[in-house]
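All residue numbers in this chain count up from 1 along the given sequence.
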Amino acid sequence: MIEWDPRLYKWEQIANVVAERIGDGTYPPLTLISEVKLQEEFGVARVTIRKAMEALRERELITTKPGKGSIVSPH
């Protein structure tokens with residue numbers, strides 16, 4: 001479980017953790033990222049995970065296709 005920084009929103013912190021995992025290769029390109037697994041891992045509401053995923057999309061780290069899910073963008 002993560003120690004939450006009270007200065008940042010939880011979704012920001014989750015987005016930063018996932019971005020770090022993408023950067024260090026834990027989530028290589030074209031890896032499917034499960035919102036449900038992230039929700040369970042971080043113990044937050046689905047809406048929080050979706051906001052984090054939105055931030056990652058804006059940073060072009062992931063792409064999301066309806067009905068398919070979110071995958072790590074190829075570098």
Side-chain angles (χ1 to χ4, degrees):
M1 190 68 91
I2 189 171
E3 271 194 50
W4 300 111
D5 182 339
R7 297 169 294 172
L8 299 172
Y9 293 109
K10 288 182 180 180
W11 64 263
E12 287 179 288
Q13 294 174 73
I14 293 167
N16 289 339
V17 168
V18 174
E20 189 175 298
R21 291 176 183 173
I22 291 169
D24 71 13
T26 303
Y27 295 158
L30 305 178
T31 300
L32 181 66
I33 299 178
S34 168
E35 290 183 4
V36 173
K37 287 183 181 178
L38 290 176
Q39 182 183 0
E40 291 170 359
E41 177 183 350
F42 292 105
V44 296
R46 189 74 176 265
V47 68
T48 304
I49 296 300
R50 290 200 170 150
K51 183 72 176 158
M53 300 301 263
E54 181 183 329
L56 292 166
R57 275 192 301 279
E58 288 174 3
R59 290 158 70 175
E60 299 181 353
L61 294 174
I62 65 169
T63 57
T64 304
K65 294 184 181 178
K68 291 274 190 187
S70 297
I71 60 167
V72 177
S73 299
H75 300 330

Residues that T26 engages under side chain to side chain donor-acceptor pair (under 3.5 Å), provided they are two or more places apart: D24
Residues which pass side chain to side chain donor-acceptor pair (under 3.5 Å) with T48, listed by chain and number, not counting sequence neighbours: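 Applying side chain to side chain donor-acceptor pair (under 3.5 Å) to T48 gives none.
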Residues which pass side chain to side chain contact (heavy atoms under 4.5 Å, CB included) with S73, listed by chain and number, not counting sequence neighbours: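 With sequence neighbours excluded, S73 shows a side chain to side chain contact (heavy atoms under 4.5 Å, CB included) to T63, given in chain and number order.
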Heavy-atom closest contact (A52 atom, I14 atom, distance):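 Heavy atoms of A52 and I14 come nearest at CB-CG2, 3.9 Å.
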Least distance between heavy atoms, F42 atom then W4 atom: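 What the structure gives for the nearest pair is O-CZ2, 3.6 Å.
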Scan for salt bridge (Lys or Arg N to Asp or Glu O under 4.0 Å) pairs involving [range], sequence neighbours excluded, and state none if there are none.
{"range": "residues 4-16", "answer": "D5-R7"}
{"range": "residues 27-36", "answer": "E35-R46, E35-R50"}
{"range": "residues 64-75", "answer": "none"}

Joint cluster assignment, L8 & V17, ILVMFWY side-chain distance < 4.5 Å: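 No; V17 is not reachable from L8 via cluster members.
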Residues forming a salt bridge (Lys or Arg N to Asp or Glu O under 4.0 Å) with R21, sequence neighbours excluded: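 R21: salt bridge (Lys or Arg N to Asp or Glu O under 4.0 Å) contacts with E41.
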Nearest-0.5 Å distance, NZ of residue K51 to CD of residue E54: 4.5 Å
ILVMFWY clustering at 4.5 Å (side-chain atoms), partners of Y9: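 Cluster partners of Y9: W11.
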Members besides I71 in its Ile/Leu/Val/Met/Phe/Trp/Tyr cluster (side-chain heavy atoms under 4.5 Å):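 When side chains under 4.5 Å apart are linked, the cluster holding I71 also contains L30, L32.
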Single hit among L38, L56, T64 for side-chain contact (heavy atoms from CB on, under 4.5 Å) with I33: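 Per the side-chain contact (heavy atoms from CB on, under 4.5 Å) rule, the option paired with I33 is L38, out of L38, L56, T64.
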